[in-house]
Amino acid sequence: MPAGIEVAVVGSANMDLVTRVARLPKPGETILGADFRKIPGGKGANQAVAAARMGARVSFAASLGADAFSDTLAAGLKSEGVDIGLVIRDPIEPTGVAMIWVEESGQNEIVVVAGANGRAENFRVEEAVAEAKVALFQLEIPLGVVVNGLNAANGLTIFDPAPALDLPPDFPWERVGVVTPNETEAEALVGIRPLDAGSCAAAASAFRSLGVATVVITLGGRGCYWMNDRGEGLVPPCPVIPIDATAAGDAFNGALAARLAAGDELQEALRWASAAGALTASMAGAQPSIPTAAAVRGLLESG
Ligand code: RIB
């Protein structure tokens, strides 16, 4: 990893195969889509792009296939200034893909086929994270890589437990500096659905009793809730018109990592993260919808 990396992202890269629909199909139903686009995505790659657009020096470790999709994804990351020196091209599995349906309300359904992301053991996660100020992880790659990365990181670790999975009892929660579940993920991990102030506090306390220092629960259109040893609070949502929620959580995490790496206090970093997530939800697609720092600053100053 080159010197001076502020945010090291370890995770997935997918080509998103996106269709807009009037409404999401019911089980067994065939419906007509409005259009079809191939859009760079994947939770890890989206978070790397988000941190880079916030102005951070970012590296990304991932496993791509040796195919045309991987060329497009790698070129896009490079053009954002993301260091991809530790990205590998797997000779066996194809680049990951995500089939995405987006309905007019902005809600989506996503099916991911991991492909080469499932062979991320083959990149050097320890090298990727050891010197970064902030290391950022999600769950679209094998769990062992995330565990090794958490154990090897020397700076702040941020863990976005998406998509929701059961984690083993020996998961190294004490190595997690900040965990950022949404409502579904919080419920899957600690058995409490954060619906109101009391249940947010209960869910956050449950994460803290596992050993996590700071808990941030993202609540979609209701903003986000945080708790650490300094206290707790709610960061209000930024008002935008929702078009497509894809990658809104990724923009949140990438912006949070970038602002914490830049030295912001948690609450200020969360204001930036919320605005980045909101702006992403107001545009179509994953990486094309992730805002720049200037756009986020503009939204924060207008509100
Ligand atoms: O979080 C959004 C991402 O999830 C999409 O870009 C898709 O690739 C899936 O990984």
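As the structure is a computational prediction, the values presented were derived from the model and not from experiment. Remember, it's 1-based here, ligands and their atoms both numbered in the order they're listed.
The protein non-hydrogen atom at the shortest distance from atom 3 (C) of ligand 1 is Asn46 ND2, 3.7 Å. Nearest protein heavy-atom neighbour of atom 4 (O) of ligand 1: Lys43 NZ, 3.3 Å. Looking only at heavy atoms of the protein, atom 7 (C) of ligand 1 is closest to Asp16 OD1, 3.3 Å.
Thr280 and Ile290 make their closest contact through OG1-CA, 3.7 Å (heavy atoms, listed as atom of the first residue, atom of the second, distance). Contact record, Ser12 with Phe60: O-CZ, 3.4 Å, taken as the closest heavy-atom pair.
Considering only non-hydrogen atoms, atom 10 (O) of ligand 1 lies nearest to Glu140 out of Glu140, Gln287, Met99. For the residues Thr280, Val97, Asp250, Asn117, the heavy atom positioned nearest atom 1 (O) of ligand 1 is part of Asp250.
Side-chain polar atoms of Asn117 and Ser63 form no donor-acceptor pair below 3.5 angstrom. With 3.5 Å as the limit, one finds a donor-acceptor pair spanning the side chains of Glu103 and Ser105.
Ligand 1 is never approached by Ser12 to a heavy-atom distance shorter than 4.0 Å. Using a 4.0 Å cutoff on heavy atoms, Gly42 counts as a contact of ligand 1.
The distance criterion of under 3.5 Å between nitrogen or oxygen atoms is met by Asn14 with respect to ligand 1. The shortest N or O to N or O distance between Ile110 and ligand 1 is not under 3.5 Å.
Atom CD1 of Ile241 is surrounded by 12 or fewer heavy atoms from other residues, nucleotides or ligands within 6.0 Å.
At a threshold of 4.0 Å, the pair Arg259-Glu268 does not count as salt-bridged, since none of the basic side-chain nitrogens sits closer than that to a carboxylate oxygen.
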